[in-house]
Amino acid sequence: MDGNGRWAKSRHRPRLFGHRAGVRAIRPVLDAFHERGVHMLTLYAFSTENWRRPDDEVRGLMTLLGETIDRETDELHANGIQIRAVGDRSRLGERLQAKIRMAEEKTKANTAGMLNVAINYGSRHEIIEAFQDATVHGVSSEEMTEEILSSYLYTRGIPDPDLIIRTGGEYRLSNFLLWQAAYAELFVTPTLWPDFSPTDIDEALAFFAGRERRFGSTSEQVDASRKEKRA
Ligand code: FPP
């Protein structure tokens, strides 16, 4: 959800003003994706590197996260959406951790859609922790497989993303879902997150629909397997 700071700056307002606008952008985006048949989304709300930001911005973001969970959980639950936080929550305040647990517990049986929120998330840290955790559970380095490692990531049970959308125009992943995004299509838009609208979503989905997903195979093999499926 990149670009909140620039959005605020262009209005001569503090960065938190941009983050608040960023939160307001979330609901219409979720609804628009839902209407278009996309029922699983992961939002990158706070990275392990974001602790380096000024104290008041970090505090403000943590407060916003808590307030947003309080305000939105019931309606997401009523719409059958499962909420999950991905990231190292041990460094978050006790109250925020409790809110996250409450939202996850309340919505855990929902099946209409899934909203994952990456909070204190960093992919490299996630992969190292997953490896260590697997070792603690008795998995030897010889036994390690992609499936086993995946089952120790914060995203266990969540399918890998098909499409990563980066707002704000930067062409990089910034430590986001590095393992899981191995075959994701990447869509970068200069639109700043608070301005991200259904038009941008349509553009992203049109881009995705135009991609040939080969997963390492050749175009000919992809065509042949499509024909086989049709037959
Ligand atoms: C990146 O923009 C945005 C963030 C680091 C924070 C995003 C978090 C929220 C909007 C709160 C979300 C709450 C929930 C519950 C999902 P930036 O500040 O890096 O923008 P810039 O690149 O323009 O400076």
Side-chain angles (χ1 to χ4, degrees), residues 1-34 38 40-77 79 81-89 91-93 95-107 113-123 125 154-155 158 161 164-177 188-197 200:
M1 297 187 283
D2 207 9
N4 296 343
R6 279 166 281 168
W7 188 91
K9 193 171 180 190
S10 71
R11 285 160 179 79
H12 309 286
R13 302 297 298 268
R15 296 180 59 82
L16 266 174
F17 181 76
H19 294 314
R20 274 190 220 105
V23 170
R24 284 196 300 277
I26 294 173
R27 171 54 66 90
V29 167
L30 295 185
D31 291 346
F33 270 117
H34 201 63
V38 178
M40 188 163 299
L41 286 170
T42 301
L43 297 173
Y44 202 175
F46 194 88
S47 75
T48 44
E49 291 73 30
N50 285 151
W51 295 108
R52 296 182 196 141
R53 294 192 173 203
D55 283 352
D56 60 341
E57 184 173 349
V58 170
R59 263 200 309 275
L61 277 168
M62 292 299 149
T63 305
L64 260 183
L65 281 164
E67 285 172 1
T68 310
I69 294 170
D70 281 344
R71 201 179 49 243
E72 302 292 338
T73 298
D74 282 347
E75 192 161 344
L76 288 166
H77 181 47
N79 291 333
I81 309 295
Q82 188 184 139
I83 301 171
R84 237 172 94 170
V86 292
D88 177 1
R89 49 186 86 184
R91 199 173 158 191
L92 305 175
R95 285 227 308 264
L96 182 54
Q97 289 191 41
K99 285 177 201 284
I100 292 170
R101 275 196 302 274
M102 178 276 295
E104 288 180 330
E105 191 55 34
K106 192 173 208 170
T107 63
M114 194 169 202
L115 177 64
N116 308 303
V117 185
I119 308 176
N120 194 23
Y121 178 84
S123 231
H125 180 68
Y154 301 127
T155 51
I158 303 173
I164 304 250
I165 299 175
R166 175 136 194 179
T167 57
E170 312 285 2
Y171 285 79
R172 55 175 176 257
L173 281 174
S174 299
N175 208 10
F176 184 57
L177 300 181
V188 176
T189 171
T191 302
L192 305 176
W193 172 256
D195 294 327
F196 192 69
S197 70
D200 297 290

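Remember, it's 1-based here, ligands and their atoms both numbered in the order they're listed.
- Which parts of ligand 1 touch Gly3 is read off a 4.0 Å heavy-atom cut-off, strictly below it: atoms 2 (O), 20 (O), 21 (P), 22 (O), 23 (O).
- Looking at Leu192 against ligand 1, nothing comes within 4.0 Å, counting heavy atoms.
- Under a 4.0 Å criterion applied to the non-hydrogen atoms of Leu65, ligand 1 contributes the atoms 13 (C), 14 (C), 15 (C).
- Neither the backbone nor the side chain of Ile69 comes within contact range of ligand 1; no heavy atom lies under 4.0 Å.
- The aromatic rings of Trp51 and Phe46 lie perpendicular to each other, with more than 60° between the two planes, well past the 30° mark.
- Remark: ligand 1 atoms within the under-4.0 Å shell around heavy atoms of Val117 are 16 (C).
- Within the 3.5 Å criterion, the main-chain N or O of Pro28 finds no donor-acceptor partner in the side chain of Asp31.
- For the side chain to side chain contact (heavy atoms under 4.5 Å, CB included) test with Asp200, the passing option among Thr191, Thr167, Ile165, Asp195 is Thr191; the others fail.
- If you look at Ile26 next to ligand 1, the close heavy atoms, those under 4.0 Å, all belong to the side chain.
- Looking at Lys9 against ligand 1, nothing comes within 4.0 Å, counting heavy atoms.
- Of the listed options Met62, Met1, Arg53, Met1 places a heavy atom closest to atom 1 (C) of ligand 1.
- Within ligand 1, the atoms closer than 4.0 Å to a non-hydrogen atom of His19 are 3 (C), 4 (C), 6 (C), 10 (C), 18 (O), numbered from 1 in the order shown.
- Of the candidates Thr68, Asp70, Thr167, Thr68 brings a heavy atom nearest to atom 15 (C) of ligand 1.
- Per-residue contacts place Asn50 under 4.0 angstrom from the following atoms of ligand 1 (heavy atoms of the residue considered): 5 (C).
- Shown in contact with Gly5 at under 4.0 Å from a heavy atom are these atoms of ligand 1, numbered in order with element: 17 (P), 18 (O), 20 (O), 21 (P), 23 (O), 24 (O).
- For the salt bridge (charged side-chain N to carboxylate O under 4.0 Å, His left out) criterion with Glu104, the lone passing option out of Lys99, Arg89, Arg84 is Arg89.
- Between Leu115 and Phe33 the shortest side-chain heavy-atom distance does not fall below 4.5 Å.
- Here is the list of ligand 1 atoms found below 4.0 Å of a heavy atom in Leu61: 6 (C), 8 (C).
- Closest heavy-atom contact between Ala118 and Tyr44: CB-CD2, 3.7 Å.
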